Protein chains: 2
Amino acid sequence: MSVPPGQADSADFIPCAHDYQVSCGNCRLNAICLPLALESEDIDQLDRIIQRSKPLQKSQHLYRQADEFESVYAVRSGALKAYRTTDDGREQVTGFYFPGEILGFDGIGNNAHASSAKALETSAICEIPFSSLQKLSSLMPNLQRHFFQLMSREITEDQQLITLLSKNSADERVAALMLSISTRNARRKLSATQFRLPMSRVDIGNYLGLTVETVSRVFSRMQKLSILRVDNKEIEILDPAGLRHMANLSH
Amino acid sequence: MSVPPGQADSADFIPCAHDYQVSCGNCRLNAICLPLALESEDIDQLDRIIQRSKPLQKSQHLYRQADEFESVYAVRSGALKAYRTTDDGREQVTGFYFPGEILGFDGIGNNAHASSAKALETSAICEIPFSSLQKLSSLMPNLQRHFFQLMSREITEDQQLITLLSKNSADERVAALMLSISTRNARRKLSATQFRLPMSRVDIGNYLGLTVETVSRVFSRMQKLSILRVDNKEIEILDPAGLRHMANLSH
DNA sequence: CGTTCCATTGAGATGTGTCAATTCAAGTGG
DNA sequence: CCACTTGAATTGACACATCTCAATGGAACG
């Protein structure tokens, strides 16, 4: 399954997102994905278990609910959504994943994925086989702790979403999501004020427990208040303070 | 901090919940808490790091949000709620914890508890210092995997709650909670149809994203339909199938 | 036997959902 | 390159589930 090294990039060229043969050691996302004090030989070991052979086209699945769990996945480029299908066939979007973020942890518990993951746009993925990761974690305490931390943060984020759904108005929910995306963009050294949403209004509404119409109305309202400029999926945050105020959470 | 062995129980007496010096090896909850193929000497090692010196009175805190994270905790008897306090001072109950269940995982991510945990009634707790657990996990692959699984299941459960909050009506939410408690009771060999709720209506409403009044009305409605008998905190499920139907989820 | 907290019930207000129509954007085939 | 189709987003009018406010009832506790 390994892919032959592509045409040689010039040496000083920063590896672009589509060069999916880049190793963790010189991946520009490693500050997000692996903020670890690992020896370079440790990184080599990790590199060796990671598979980078999975560029995904828009709307293709990375895994599906109830698939056997084998790996967790780091997003290298693009964006994905994770969603659960309920017994009566409805869908619930449980998260959006951007470059540097890791998904698939919900599959460990029962050896089967508890959600499906679908590409929102063309996405490059690093696959991390979990059994290898477990072995490596036993040998590298830092790595073990790192993955405990990643899972713990996923729990914390889910709990934030629970709070959002349980306590906040439509305005607050949408504002909070815009702020979240903005923050995560900044972490990747991208603009915190201008970006293109990779997901549809339906996905946003589904994620936030709102209908499409309500999401749309909130965007219109925000635009009228000059908090956001909205042009279909292109978003510009005109008034970050106003947006934070609307989100009603000062984090 | 260690407590002297209590008055000797007669040898054939099943250790009761208040005998908090029982070891994991003969704890009647270990099928829930530690369903592991561990050598008895492994269990001994685990026993040695676990501290059982924390009986908690009703409304006392086990830990508070932003406290330094040191341990995760297994409930031995009683019940607790976990809740987050938002920036603007409101509370969100994120979970209820019953005997055999483990809480505190959300603190690993940032070395500080992301929620508070409070006893809903007198509760006995096993404290599991996380640094010891990490070391032990490196040596015992089964144990490492077990804790990855526990955290993964917490993620899955949070995502179920997200779905519930996002997609389900008040009736469905309350019904789902009653079913969850019933199932967890059954796992502990207690009645699946009769139990006493340890939490208040306020807590239930808070957890489910509803007001107290709505929770109360749902209970009244369920009683009118002969699905439940409700006498303050005493619950009897009269029509389990009807309850499942009302919850609108067949799991 | 008050006092206090918790739970229940009712009446009315409101935010968001539902239904429906329109516009806009993207892709397809003639 | 232009019609045509299709899906996504917006906007409006109305309905309804849940919230809010308020009063009452009941259990627990000193």
Side-chain angles (χ1 to χ4, degrees), chain A residues 57-59 79 81 90-93 118 120-122 164-178 196-225 228-236 246-248, chain B residues 57-59 79 81 90-93 118 120-122 164-178 196-225 228-236 246-248:
Chain A
Q57 293 305 308
K58 175 171 177 166
S59 91
K81 69 168 175 181
R90 290 175 303 178
E91 289 183 3
Q92 172 66 43
V93 174
K118 194 189 229 181
L120 295 168
E121 56 191 44
T122 306
L164 200 67
L165 293 173
S166 176
K167 294 266 179 308
N168 294 95
S169 68
D171 283 351
E172 292 165 339
R173 294 184 208 181
V174 175
L177 177 60
M178 293 302 106
R196 182 184 165 76
L197 297 174
M199 73 292 279
S200 69
R201 298 287 193 272
V202 175
D203 286 333
I204 293 176
N206 190 313
Y207 177 68
L208 296 175
L210 301 169
T211 58
V212 207
E213 294 93 327
T214 300
V215 173
S216 193
R217 281 186 251 269
V218 172
F219 276 135
S220 301
R221 224 171 293 154
M222 287 172 155
Q223 193 148 219
K224 194 166 290 173
L225 295 170
L228 241 56
R229 199 179 53 71
V230 182
D231 176 15
N232 203 345
K233 306 205 161 171
E234 293 294 337
I235 300 287
E236 183 177 1
M246 194 167 191
N248 200 24
Chain B
Q57 294 306 307
K58 175 172 176 167
S59 89
K81 69 169 176 181
R90 290 175 302 180
E91 288 183 4
Q92 173 65 44
V93 174
K118 194 189 229 182
L120 294 168
E121 55 192 44
T122 306
L164 200 68
L165 293 173
S166 176
K167 294 266 178 309
N168 295 95
S169 68
D171 284 352
E172 292 166 339
R173 295 185 208 180
V174 175
L177 177 61
M178 292 304 106
R196 182 185 165 76
L197 298 174
M199 73 292 280
S200 68
R201 298 288 192 270
V202 176
D203 286 333
I204 293 177
N206 191 312
Y207 176 68
L208 296 174
L210 302 169
T211 57
V212 207
E213 294 94 326
T214 300
V215 173
S216 194
R217 280 187 252 269
V218 172
F219 276 135
S220 300
R221 224 172 293 154
M222 287 172 155
Q223 193 148 220
K224 194 165 291 172
L225 295 170
L228 243 54
R229 199 180 52 73
V230 183
D231 177 15
N232 202 342
K233 306 205 160 170
E234 293 293 337
I235 301 288
E236 182 177 2
M246 194 167 193
N248 199 24

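Lettering of chains follows the sequences in order, A, B, ..., and the numbering in each one begins at 1. Computed from a predicted structure; not experimentally measured. Because only heavy atoms are used, hydrogens play no part in the values below, and waters and symmetry mates are left out as well, while side chains stay in.
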- Take A/Met199 and A/Lys81 through the side chain to side chain contact (heavy atoms under 4.5 Å, CB included) test and state the conclusion after the steps. CA-CA 8 Å; A/Met199 73 292 279; A/Lys81 69 168 175 181; over 6 Å; no
- Query: Given the rule in the side chain to side chain contact (heavy atoms under 4.5 Å, CB included) test, do B/Met178 and B/Val230 qualify, once you have shown the distances and angles that lead to the verdict?
  - Reply: CA-CA 11 Å; B/Met178 292 304 106; B/Val230 183; over 6 Å; no
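With rounding to the nearest 0.5 angstrom, the CG atom of B/Leu165 is 9.0 Å from the CD atom of A/Gln92. Summarising the geometry, atom CG belonging to B/Leu177 is positioned 7.5 Å from atom CG belonging to B/Leu197; distances are rounded to the nearest 0.5 Å. Atoms CD and OG1, on A/Gln57 and A/Thr122 in that order, are 4.0 Å from each other to the nearest 0.5 Å. To the nearest 0.5 Å, atom CG of residue A/Leu164 and atom CD of residue A/Glu172 are 8.0 Å apart. Here CZ of A/Arg196 is found 10.5 Å from CD1 of A/Ile235. Values are rounded to the nearest 0.5 Å. Summarising the geometry, atom CD belonging to A/Glu236 is positioned 10.5 Å from atom CD belonging to A/Gln223; distances are rounded to the nearest 0.5 Å.
In this structure, A/Arg90 places its CZ atom 13 Å from P of C/dG17, rounding to the nearest Å. Here the C1' atom of nucleotide C/dC24 and the NZ atom of A/Lys233 are 13 Å apart, to the nearest Å. Between the C1' atom of C/dT8 and the CG atom of B/Asn232 lies a distance of 11 Å, rounded to the nearest Å. Distance A/Asn168 CG to C/dT16 P: 10 Å, rounded to the nearest Å. Atoms CZ (A/Phe219) and C1' (C/dT23) sit 18 Å apart, rounded to a whole Å. Separating the CD atom of A/Glu172 from the C1' atom of C/dT16 is a distance of 14 Å, rounded to the nearest angstrom. Between B/Asp231 atom CG and C/dC6 atom P there is a gap of 18 Å when expressed in whole angstrom units. Summarising the geometry, the separation between CG on B/Leu210 and C1' on C/dG15 is reported as 15 Å, rounded to the nearest angstrom.
Nearest heavy-atom pair across A/Lys233 and A/Arg201 is CA-NH1, 4.5 Å. The shortest heavy-atom contact between A/Asp171 and A/Met222 is O-CE, 4.1 Å.
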Can you check nucleotides 9-12 of chain C for protein contacts, nitrogen or oxygen pairs under 3.5 Å, and list what you find?
unit_1 : atom_1 : unit_2   : atom_2 : d
C/dT9  : OP2    : B/Ser220 : OG     : 2.3
C/dG10 : N7     : B/Arg217 : NH1    : 2.8
C/dG10 : O6     : B/Arg217 : NH2    : 3.4

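Taking a heavy-atom distance under 4.0 Å as the criterion, the stretch of DNA chain D touched by chain A extends 5' to 3' from D/dA9 to D/dA13.
For the pair A/Val202 and A/Glu91, the minimum side-chain heavy-atom distance is 4.5 Å or more.
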Less than 3.5 Å apart, which donor and acceptor atoms pair up between the side chains of residues 207-219 of chain A and the rest of the protein, not counting sequence neighbours?
unit_1   : atom_1 : unit_2   : atom_2 : d
A/Thr211 : OG1    : A/Thr214 : N      : 3.4
A/Thr211 : OG1    : A/Thr214 : OG1    : 3.0

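For the segment residues 199-207 of chain B, residues with any heavy atom less than 4.0 angstrom from an atom of DNA chain C are, sorted by number, B/Ser200, B/Arg201, B/Val202.
Between the axis at the start and the axis at the end of the helix from C/dC1-D/dG30 to C/dG30-D/dC1 there is an angle of 40°, using five pairs per end and rounding to 10 degrees.
With sequence neighbours excluded, no residue forms a salt bridge (Lys or Arg N to Asp or Glu O under 4.0 Å) with B/Glu121.
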